[in-house]
Amino acid sequence: MSAVNDTKFQFAVFLLAGLTEQEDMHLWISIPFCFMYVISIVGNLVILFTIKTEPSLHEPMYIFLSMLAVTELGISIATIPTILGIYLFNSREISLNACFAQLFFIHSLQCFESAVLLLMAFDRFIAICNPLRYASIITLPRIPKMGLVFVLRGMVIVFPLPLFLKRFQYCRTNVLSHSYCLFQDVMKMACSDISANSIYGLLAKLLIMGLDSLLILLSYIMILKTVLSVASSKECLRALNTCISHLCAVLLFYIPEIGLSVIHRFGKGSSPLLQVFLGYFSLLVPPLINPIVYSLKSKHLCAKIIRVFIK
C-alpha cells in the first residue's frame, strides 16, 4: 500500500500493525486474543449483573467497581474488533474517520478509567482515614454526579484530538504501530507541523492521568500513615487488605500507559515489538484481570456471584 495521498484525504486509509506479517501465524495468534475478549466481556458483565441484582451490593465501593467494569467493557469493545480483524481476516485497513472515532473512544474511556481509579482511591481514603464521616461524604446520590463530572472532563479534553487530526494532510507512510488507533501514533503520520498538537496531547495526558495518579499516590501515602498508626497489626492488615484489589488495578493501568507514552514521544529507537506489546498490555490486560482480582479478593462479592449464578 502506498503512502496516503494528501490530495485525496477523504479516501485515505491507515494500515494497522500486528505482531507479525506472516499470515499463517495469524490464526494461532488470534486464539489467545479471542479468549481474552470473551473472558473480559463475560467477567465484567458478571460483575455488573451481580451488583445490579444484589441489593446488599448497592454500596459506594461496589458502585465504583461497576463504573470500572462499564469502562473496561467499552475499552474491550473499542479495541478488540480491529485486533481480531487483523488476525482472523487479515483486515488491516481502517478509514480515517473510523480511526479518529476509535481513538476518541479509546482515549475518552482511558480518561474515565483513570477518574474511576481516583474515585476508588478517594473512597478507600475516607473509609480508612475518616470512617466516622464516610457515610456522610460518600453517598449514593453523589456518586453519579461525580461520575458525570469526570465523564465531561474526559470528553472536553479528548474531543479536540480527532479535530486536530482531521486538519492534517497525511503524506508519509500510513502504517500505524498498533492494531488500533492512538492519537500519538496517528499524529506522527502527518506531514504538517505537529508540535502544537503534540504539546496539547502531552498536557492533556498530564492534566488527566498525571494529576489523577499523583492524587492516588497521595491518598495511599495518607492511608499508609493512618494504618501504621493503628496499634493492632491485625487491624492494620485488615485495612490494607481492602486496598489490594484497587492497588493492582492502578498498577495494571498506569505502568504500561506511562511506558507507552514515553516510548511514543521519546523512544525513537525503541523496538516496534515493544510498542505493540505495551499497547496490547495497557488496553487488554486490565479488563481481563480486574474482574478476576476483585472477585477473588472480595469474599462478599464472590459469595454473591456464586449465589446469583450457582443456585
Side-chain angles (χ1 to χ4, degrees), residues 44 47-48 51-52 57-79 100-131 133-164 182-183 199-223 242-243 245-247 249-254 257-258 261 282-283 286-287 290-291 294:
N44 285 291
I47 295 285
L48 286 172
I51 292 174
K52 183 179 184 301
L57 297 179
H58 295 173
E59 300 176 2
M61 181 174 67
Y62 297 108
I63 300 300
F64 289 132
L65 178 58
S66 66
M67 292 165 63
L68 182 65
V70 169
T71 307
E72 292 178 337
L73 274 174
I75 290 176
S76 296
I77 293 170
T79 54
F100 298 155
Q102 186 182 46
L103 69 87
F104 171 77
F105 283 111
I106 289 176
H107 289 299
S108 296
L109 288 166
Q110 284 182 318
C111 291
F112 187 61
E113 182 168 1
S114 177
V116 173
L117 292 173
L118 174 60
L119 290 173
M120 295 174 85
F122 180 67
D123 175 77
R124 293 297 85 206
F125 167 73
I126 299 297
I128 294 173
C129 299
N130 201 351
R133 296 188 61 194
Y134 179 83
S136 61
I137 296 175
I138 310 293
T139 62
L140 292 180
R142 285 181 180 173
I143 293 175
K145 296 176 183 177
M146 291 188 290
L148 180 60
V149 168
F150 281 113
V151 167
L152 293 175
R153 180 193 71 161
M155 294 186 67
V156 167
I157 293 177
V158 174
F159 186 73
L161 299 183
L163 299 181
F164 291 154
L182 296 177
F183 175 71
I199 292 172
Y200 179 85
L202 180 60
L203 290 176
K205 183 78 75 172
L206 291 174
L207 182 62
I208 295 180
M209 295 187 183
L211 181 60
D212 290 352
S213 60
L214 178 61
L215 292 174
I216 291 172
L217 177 61
L218 290 175
S219 70
Y220 269 103
I221 291 174
M222 296 300 295
I223 287 172
T242 64
C243 301
S245 301
H246 177 256
L247 188 58
V250 168
L251 295 176
L252 284 173
F253 178 75
Y254 282 108
E257 267 300 305
I258 293 171
S261 296
S282 66
L283 291 180
N290 285 338
Y294 274 98

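Below, all heavy atoms of this structure are taken into account, side chains as well, without hydrogens, waters or symmetry copies.
Each of Leu214, Val250, Ile216 was scored for a side chain to side chain contact (heavy atoms under 4.5 Å, CB included) with Leu118, with one residue passing: Ile216. Between Phe159 and the options Val156, Leu163, Ile157, a side chain to side chain contact (heavy atoms under 4.5 Å, CB included) holds for only Leu163.
Within the 4.5 Å cutoff, no side-chain heavy atoms of Leu251 are placed close to those of Tyr254. Taking 4.5 Å as the limit, some side-chain heavy atom of Tyr200 sits within range of a side-chain heavy atom of Leu161.
Not one N or O on the side chain of Ser114 forms a donor-acceptor pair closer than 3.5 Å with the backbone of Gln110. Here the side chain of Ser108 pairs no donor or acceptor atom with the backbone of Phe105 at under 3.5 angstrom. Between the Arg133 side chain and the Ile126 main chain, no donor and acceptor come within less than 3.5 Å of each other. Of the possible polar contacts, none joining the Asp123 side chain to the Ile138 backbone as a donor-acceptor pair under 3.5 Å is found. Proximity of a side-chain donor or acceptor of Ser213 to a complementary backbone N or O of Gly210 within less than 3.5 Å is detected. Between the Glu113 side chain and the Leu68 main chain, no donor and acceptor come within less than 3.5 Å of each other.
Here the shortest heavy-atom pairing between Met120 and Tyr294 reads CE-OH, 3.0 Å. Between Ala69 and Ile47, the shortest heavy-atom distance links the atoms CB-CG2, 4.3 Å. When every heavy atom of Asn44 is checked against every heavy atom of Pro287, the shortest pair comes out as ND2-O, 3.2 Å. In this structure, Cys111 and Arg153 approach most closely via the heavy-atom pair O-NH2, 3.7 Å. The two residues Ile51 and Tyr62 come nearest to each other via the heavy atoms CD1-O, 3.2 Å. The shortest non-hydrogen separation linking Leu48 to Ser66 is CD2-O, 3.3 Å.
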Exercise. Would His107 and Leu182 satisfy side chain to side chain contact (heavy atoms under 4.5 Å, CB included), going step by step from the backbone distance to the final call?
Worked result: CA-CA 8 Å; His107 289 299; Leu182 296 177; 4.0 Å; yes
Problem set entry | Steps toward side chain to side chain contact (heavy atoms under 4.5 Å, CB included) verdict (Asp212, Leu117) | CA-CA 8 Å; Asp212 290 352; Leu117 292 173; over 6 Å; no
Exercise. What do the steps show when you test Met146 against Phe64 for side chain to side chain contact (heavy atoms under 4.5 Å, CB included), and what is the final call?
Worked result: CA-CA 11 Å; Met146 291 188 290; Phe64 289 132; 4.0 Å; yes
Problem set entry | Evaluation steps, side chain to side chain contact (heavy atoms under 4.5 Å, CB included), between Phe104 and Val158 | CA-CA 7 Å; Phe104 171 77; Val158 174; 3.7 Å; yes
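Between His246 and Tyr220, the two ring planes are parallel [angle under 30°; tilted spans 30° to 60°].
The CD1 atom of Ile128 sits 10.0 Å away from the CZ atom of Phe125 when rounded to the nearest 0.5 Å. Between the CD atom of Glu72 and the CZ atom of Phe253 there is a distance of 9.5 Å, given to the nearest 0.5 Å. One finds the CE atom of Met67 at 11.0 Å from the CG atom of Leu65 (value rounded to the nearest 0.5 Å). Rounded to the nearest 0.5 angstrom, Leu119 CG and Phe112 CZ are separated by 7.5 Å. Between Ile208 atom CD1 and Leu203 atom CG the span is 11.0 Å, to the nearest 0.5 Å. We find the CD1-CZ distance between Ile106 and Phe183 to be 14.0 Å, quoted to the nearest 0.5 Å.
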